[in-house]
> 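Before we start, here is the structure in question, set down as structure tokens.
In the text below, chain A, chain B and the rest are named by the order of the sequence lines, each starting its count at 1. These numbers come from the heavy atoms of this one structure, side chains and all, not from hydrogens, waters or symmetry mates.
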Amino acid sequence: MSVEETIKRIQSQKGVQGIIIVNAEVLICNAGIPIKTTLDNSNTVHYAGLIHQLVMKARSTVREIDPQNDLTFLRVRSKKNEIMIAPDKDYFLIVIQNPSE
Amino acid sequence: MEHVFVYTRKRREFGRPCHFSDRPAELIVDILPDAGLRAEFVERNPLPAQVQCGPEWSEHEVNTERLESEARGMNHVEGGWPKDINPLDMEQTMRYRKKVEKDEHYRSAIVRLGSIMEHYIKQNNAVDIYQEYFTEGQEEDDEEEEQEQPVARTISVFRDPGAVKRWVTALSWSPAGGCKLAAAYSCLDFQRAPPNMSYDSYIWDLENHSRPEMSLKPASPLVCLEYNPKDSHILLGGGYNGQIAYWDTRKGSHPVETSPIEVSHREPVYKVIWLQSKTGTEAFSGSTDGQVLWWDIRKLSEPTEKLVLDLSRKGDLGHALGCLSLEFETTMPTKFMVGTKQGLVVSCNRKAKTPAEKIVCTYSGHNGSIYALQRNPFFPKYFLTVAGWTARIWSEDVKESSIMSTRVHLLDGCWSPVRPSVFFTVKMDGTLDVWDFLFNQKDPTLSLKVCDEALWSLRVQDNGHFLACGSQQGTTTLLEISSGLCTLQRNEKALASEMFERETKGAKILEEQQREIRLKERSRSEQSKEEERKESEKVERAKELLERAERHFFHMVEGGRMARPGCPLRTQLHLLPSLLPTRSPTLLEKLGEEGVLAF
């Protein structure tokens, strides 16, 4: 299964508004670089920068409470939509979905 | 007798060190127990003792310093690129991206993450975790909650940014939702306005309490200010020098047009109201110089119509009554009411053919000038007036007295737009009272101290949830009222209309009785006048007695009327007719007879 297929499948699900793949270079400054995106540039940059910081914070929180633990998934539910973040060692997959109603 | 102990010492012995010496113990007194004394005491068993086990508390109040906050935004710029790649160069970034995409690690990671993500997306689509299951149960909860005490709490305070504090004389919510509040600032003390007082009035946005959203700069301080109910950008203000001006918030802080001084009012314009018209540009204003003027804001160079509030209907400005408040209800566009400085409410008809017929009738009964006048939004036949010492509710049909009244020193008041039986008043000592007269007629349901200085103006927002009141030091306080006071209860409309009708009937009956009595008095006094012509001394005595009887009678009527609210109406009315015709005429007849018989 290639990357393209995966992204296409996710995109075809109901309510999905956008997908962003961010490269998480921990060495350099706090912003992440968007590798692939289905949203427009300014929004992408916004999400990438802000979410990178959020994931770092969440991951360090989980790790501090229990060093054996690690963050597997992060959901941010808001009034208008839900931002779902799947973190990996070097990349994040961010999907913005409008919940069923 | 003074007890004096004289202690002497020789001078050469002053300052000498003390010499202490040991002495064996010496028994001074030995008191042995006396068994006989025991008989005078009684053993007390059990003996109550108090023990405090709880922690000690003390109460402290803390008020934080006012925080000035400002909203700032930040713009994210793309960052995190490796040093050798220029983020602005499209080609380089594209190349970098392509390189990353070819990485094997990238592919496996994304595929794995993708499948996890799909799981959660499908989960979201399957079940809504925030669904409300028991909405009926929630409604029942609300009904139980209404048994609680009604409360109102302050949400935010808007302070006058100028250095010299002015009074908030008028408040107006912006129409259709009301997230903006316009406040008019001026000093109504005659000629006591300090010289460097600023003339500005402000529009506040409810979210931002540190700085007004916009300021309006008139030629003289504004005494009243109103948003146009049809267009939320247009405001009309009446100034301290009698001029009317209107603003368009899109066009800036200076008025778009001001009326010229020659045709405006000669005293401060106390109230301005927009009229219901097709063009939405008509308004009318009232001032203490005795005139009510109609304006069309497209042409403010002269008023379209004029009315002089002269009760003798001669159009004489010298005898005119000063107007302090106006009332206009959009459902009855030809009628309007004026509350005067002299305590009369004048009801007028706009479409009358001659100026003399414009004034239809007056309602008297207030002792002080009428600061506020408003019809009940649910029952337009009844209106509320707020004057110096009372707030009264009147019915249109009964002209001589109010149907209900209260007893406090008030400055402004208004009905709640969502509940027909609730109204609010503000007082000279800074308290806000909420009255619910289905609940209690003599005392306010809720009394809340808003600030230490007098509160001059009060406005409820259209949804009935928020209210703003303005004080003498220029602070406008925004309050939120508990939901019990602003949601319509089940039978409220029916109960309120029943109560109103009952009170009106009572007032009408009393009025009729009074009229009858007055008629009888007149005929009796005419009779006694003839006798007066005969003998003077006897006549004076009869007059005195007559007056005394009158006073006695009116006193009884007043007593009957004041005891009326709260007592079942039927018994009072049942008593009164028996009191009046039977007692006083016989008394008077006796006097008449006495007068004749004495001579």
> Tell me, side chain or backbone of A:Ile19 under 4.5 Å from chain B's heavy atoms, or both, or neither?
neither

> Could you give the distance from CG (B:Leu216) to OH (B:Tyr202), rounded to the nearest 0.5 Å?
9.5 Å

> What part of B:Lys122 gets closer than 4.5 Å to chain A, counting heavy atoms only: side chain, backbone, both or neither?
side chain

> Ion pair present between B:Glu226 and B:Arg459, side-chain N to carboxylate O less than 4.0 angstrom?
yes

> Flag yes if more than 12 heavy atoms outside B:Gln123 fall under 6.0 Å of its CD atom; otherwise flag no.
yes

> If you count heavy atoms of other groups shown closer than 6.0 angstrom to NZ of A:Lys8, is the number above 12?
no

> Which bit of A:Ile21 comes within less than 4.5 Å of chain B, counting heavy atoms only: side chain, backbone, both or neither?
side chain

